[in-house]
Amino acid sequence: MKAKIRVTLKTGVLDPQGKAIAGALGHLGFGGVGEVRQGKYFEIELAETDRARAAEQVKAMCEKLIANTVIENYEIELA
């Protein structure tokens, strides 16, 4: 089973990297770009075949290591 995890900053948390990307896009001639928010994406191959146990394991991974839950949200997709 594969877990796909998307980690993003919570609303209201400053995103200096997103602001830098937005500025660079403007300098490169890409007009009309509004706010840019950056994040992280992970794919984890799991040996677990039970969907509920896999979801529980991945949630624990996110809570303990992958995401800083004080400032980040995460979404899990199991495939």
Can you confirm whether L46 sits close enough to M61 that some side-chain heavy atom of one is under 4.5 Å from a side-chain heavy atom of the other?
yes

Has the side chain of R51 got a donor or acceptor atom that lies under 3.5 Å from a matching backbone atom of M1?
no

If you round to the nearest 0.5 Å, how far is CG of D15 from OG1 of T8?
10.0 Å

Would you say the side chain of I66 lies within less than 4.5 Å of the side chain of I5, judging by non-hydrogen atoms?
yes

Is a side-chain donor or acceptor of R37 paired with a backbone partner of K10 at a separation under 3.5 angstrom?
yes

CD (E63) with more than 12 external heavy atoms under 6.0 Å:
yes

About how many Å separate CD1 of I21 and CG of L28, when rounded to the nearest 0.5 Å?
11.5 Å

Is it the case that the side chain of K4 and the backbone of E75 share a donor-acceptor pair, with hydrogens and angles ignored and the cut-off at 3.5 Å?
no

Residue pair V33 / F30: nearest heavy atoms and the distance that separates them:
CG2-O, 3.4 Å

Looking at side-chain heavy atoms only, is the closest gap between L9 and Q38 below 4.5 Å?
yes

Identify the heavy atoms of G34 and A22 that sit nearest to each other, and give their distance.
O-CB, 4.1 Å

Tell me whether V70 is reachable from V13 by hopping between hydrophobic residues (I, L, V, M, F, W, Y) whose side-chain heavy atoms are closer than 4.5 Å.
yes

Under a 3.5 Å distance rule, please check whether E72 uses its side chain to pair with a backbone N or O of N68 as donor and acceptor.
yes

